[in-house]
Amino acid sequence: MSEKINTCPINPVTCLDYPDVDVIRVEDTYYMVSTTMHFMPGCEILRSYDLKTWEHAVYVYDTLDGTPGQRLEGEKNIYGQGMWAASLRYHRGTFYVCFVANDTHKTYLYTAQRLEGPWEKHTVEGFYHDCSLLFDDDDRVYIAYGNKNIYITELAENLSGPKAGGLHRLAVSDEGNPHLGYEGTHFYKINGKYYLFFIHSLWDHWRRTECCFVADSLTGEFVGGEVLNDDRGYCGQGVAQGGIVDTPEGKWYAMLFQDSGAVGRIPVLIPMSWEQGLTVRREALPGQQAERVLEQLFPVLGEGGRIPKDFPITSTRPDYPYEPLVQSDDFKEELKSCWQFNHEPDVSLTAHDREAGSWKVTTDKVCDRLTQAKNMITQRMRYPGCAGEVTLDGSGLKEGDIAGLCALQSCYGLIGLTRRDGKLCLIVRTVEAEDTSMAPLKKEAQGTGALEKEWAVLPVEGNSVQLKLEVDFTEMKDTAAFYYKEGQDWKKLGPDHKLYFKLDHFCGCRFGLAVYSTREAGGSAEFRNFRYS
């Protein structure tokens, strides 16, 4: 192994929307799981050998339960729901992934002997919000979970549900916090002590912080408080929620996330050490703070309360060639792992011509907005900015059909083709946000036809156009611009469109390739040569 002192900043890690992370190490390999919400295949696990550079390893499931909402049937959907905040563990030769889905109100447990699978699906009796598994030294299994009130429950030996007569207790409470109480639990046993890590908000104003509590036993008092309150100098956005992991050499790191505007929530790597007798501050009542000296070994995140820009990292495989997490696709092979469908796909409506290099989607329903379009394939957008280009063939579009390249959020924007009076036209359509907060759009404003604004209509010759969508996330500028190619030149169409991270989708903005019918089902569109830059 060789140690590398970086000459460029470590953070943000991935520069992509990977929130609610959990991270483990198995021998020389690090694995990280993240929230994937309504995108499928889902529950993506990444792989790394240095904690900074990551690549796709596996999706835990292709589809979840096949509900009408998960399949975008009619007007149903699971935006802002689906799979989130998974716990990733490896114990006695088995990988475990545990998470809840807020649309089905179930707790899921997937297990595999090899990370590559196959993964076996189970359910756990009960609903455990933002849960974290702990396999204790005596092979007993516990799950910690909750919001504001954090509970620890002992599970049955087969993890099917609570153990009869087993431990069930309230471990920590932050009842009354007007913002975000303790949640996003990560549960560990280290050197004989039990540690609970949480995301949290300050009482007097909204700001994400990271908290940690420690106890000598599972029945003992958990004591602790804020261990990190830093925004890396970025727009006042705190860094919190995630896992901790050690290296083969015994160094420790925390992998948390930071809200970064419309691009989403991006992982941040933080060096971590341990100190004895640390003074921690816990907000007990609004405007009041309690200080307490903890005699236990306690985690110290960052340096002097701040996240450093540069710090040494060690690679267990220094020359390993990573596969990019986002990339171009000529559609001449299998769909690359960077693509995920928006909701569960109906593959009978897709056609992949590898020889021609095209991806074709046919519609099977009528809908009035992009967000109900089936079989949309998506890729994450990259901070601080990126562009996507694609060639669109609209020869199969029926009257009123819309197809194109979009920036997928509830406040979405699209450049593409539509057929009107039998002729193809180039269009830009957007949904504007009613306010700048993270609050969800009102139900009637979530991309309905009435609020979808059309900024341009341009007749086109032929059936194919080249489209480009550029986004700028610098300092939360969060704008999208739309272009089409005429000859050798790119020409802008429509105004810049403001993007927002909203809780109704709860995901960072993505590129999407979509087609939907507003009058009659059965139309189609073909996409070729997607370029990511």
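Residue indices begin at 1 and follow the sequence shown.
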(message) Just checking Phe506 against Trp84, ring centres under 6.0 Å apart?
(response) yes

(request) Looking only at non-hydrogen atoms, find the nearest pair between Pro312 and Tyr253 and report the distance. (result) O-OH, 3.0 Å

(message) Taking the six-membered ring for Trp, are Tyr108 and Tyr61 closer than 6.0 Å centroid to centroid?
(response) no

(request) Can you label the angle between the Phe198 ring and the Phe213 ring as parallel, tilted or perpendicular, going by 30° and 60°? (result) tilted

(message) Show the nearest heavy-atom pair for residues Leu133 and Cys98, with the distance to one decimal.
(response) CD1-CB, 3.8 Å

(message) Return the OH to OG1 distance between Tyr30 and Thr316, rounded to the nearest 0.5 Å.
(response) 6.0 Å

(request) Specify the closest pair of heavy atoms between Leu408 and Phe39, including all atoms of both residues, with the distance to one decimal. (result) CD2-CE2, 4.1 Å

(request) Measure from the side-chain N and O atoms of Thr107 to the backbone N and O of Tyr128, and report whether any donor-acceptor pair falls under 3.5 Å. (result) yes

(message) Testing Thr63, Asp103, Thr104 one by one against Gln70 for a side-chain hydrogen bond (donor to acceptor under 3.5 Å, both in side chains), which residue passes?
(response) Asp103

(request) For Lys498, enumerate each residue passing the side chain to side chain donor-acceptor pair (under 3.5 Å) test, keeping only those at least two apart in sequence or located in another chain. (result) none

(request) May I ask you to check if Arg169 and Phe222 form a cation-pi contact, with NZ or CZ under 6.0 angstrom from the six-membered ring centre and within 45° of the axis? (result) no

(message) If we ignore hydrogens and angles and just use 3.5 Å, is the side chain of Asp230 paired with the main-chain N or O of Arg306 as donor and acceptor?
(response) no

(message) Are the side chains of Tyr31 and Tyr90 in contact, using a 4.5 Å heavy-atom criterion?
(response) no

(request) Verify, without hydrogens or angle tests, whether Lys336 (side chain) and Ser328 (backbone) share a donor-acceptor contact under 3.5 angstrom. (result) yes

(message) Looking at Arg47 and Glu323, is any side-chain nitrogen of the basic one under 4.0 Å from a carboxylate oxygen of the acidic one?
(response) no

(request) Evaluate the side-chain proximity of Pro324 to Cys338: yes if any heavy-atom separation is below 4.5 Å, no if none is. (result) no

(request) Please lay out, stage by stage, how Asn147 and Glu183 fare under the test side chain to side chain donor-acceptor pair (under 3.5 Å). (result) CA-CA 5 Å; Asn147 167 255; Glu183 68 172 18; 2.9 Å; yes

(message) Testing the basics here: between Val21 and Pro267, what is the closest heavy-atom pair and its distance to 0.1 Å?
(response) CG1-CG, 4.3 Å

(request) For side chain to side chain donor-acceptor pair (under 3.5 Å), just list the numbers for Ser410 and Asp504, CA-CA rounded to whole Å, side-chain angles, deciding distance to a tenth of an Å, and then say yes or no. (result) CA-CA 7 Å; Ser410 56; Asp504 46 10; 3.1 Å; yes

(request) State, with a plain yes or no, whether a side-chain heavy atom of Val23 is found less than 4.5 Å away from one of Trp54. (result) yes

(request) Mind listing the closest non-hydrogen atom pair of Ala480 and Leu499 along with its distance? (result) CB-CD1, 4.1 Å

(request) Please check if any side-chain donor atom of His186 sits under 3.5 Å from a side-chain acceptor atom of Gln241, or the reverse. (result) no

(request) Check the surroundings of atom NZ in Lys76: do more than 12 heavy atoms from other residues, nucleotides or ligands lie under 6.0 Å from it? (result) no

(message) Can you list everything that forms a ring pair (Phe, Tyr, Trp, His ring centres under 6.0 Å) with His343? Sequence neighbours excluded, please.
(response) His38, Tyr79

(request) Could you tell me whether a side-chain N or O of Thr378 sits under 3.5 Å from a main-chain N or O of Gly512, the two making a donor and an acceptor? (result) no

(request) Indicate the ring-plane relationship of His105 and Phe127, choosing parallel, tilted or perpendicular according to the 30° and 60° boundaries. (result) tilted

(message) Strictly distance-based, threshold 3.5 Å: is any side-chain N or O of Asp50 a donor or acceptor partner for the main-chain N or O of Ser315?
(response) no

(message) Check this for me, if you would: do Arg207 and Glu226 make a salt bridge, where the nitrogen-to-carboxylate-oxygen distance has to be below 4.0 angstrom?
(response) no

(request) Quick one: which residue pairs count as a salt bridge (charged side-chain N to carboxylate O under 4.0 Å, His left out) with a foot in residues 474-483, not counting sequence neighbours? (result) Asp472-Lys477

(request) Please check if the distance between the ring centroids of Tyr145 and His129 is under 6.0 Å. (result) no

(message) Ring of Trp119, cation from Lys121 - is the NZ or CZ under 6.0 Å from the centre and inside 45° of the axis?
(response) no

(request) Could you go through the side chain to side chain donor-acceptor pair (under 3.5 Å) check for Tyr483 and Glu389 one step at a time? (result) CA-CA 9 Å; Tyr483 300 85; Glu389 302 173 21; over 6 Å; no

(request) Give a yes or no answer on whether the side chain of Asn342 reaches the backbone of Met376 with a donor-acceptor pair at less than 3.5 Å. (result) no

(message) If only side-chain N and O atoms count, and only distance matters, is there a donor-acceptor pair under 3.5 Å linking Arg369 with Tyr412?
(response) no

(request) Considering only NZ, NE, NH1 and NH2 on the basic side and carboxylate oxygens on the acidic side, decide whether Asp17 and Arg510 come within less than 4.0 Å. (result) no

(message) So Cys509 and Val471, do their side chains get closer than 4.5 Å, heavy atoms only?
(response) no

(message) Tell me whether Asp65 contacts the main-chain N or O of Thr67 through its side chain, where contact means a donor paired with an acceptor under 3.5 Å.
(response) no

(request) Measure the acute angle between the ring planes of His56 and Tyr59, then classify it against the limits of 30° and 60° as parallel, tilted or perpendicular. (result) tilted

(request) Would you please test Glu249 and Thr247 for side chain to side chain donor-acceptor pair (under 3.5 Å) and show each step? (result) CA-CA 5 Å; Glu249 298 86 359; Thr247 70; 3.0 Å; yes

(request) Drop me the distance from Leu170's CG to Ile150's CD1, to the nearest 0.5 angstrom. (result) 8.5 Å

(message) Within the 4.5 Å heavy-atom criterion, are Cys212 and Tyr195 side-chain neighbours or not?
(response) yes

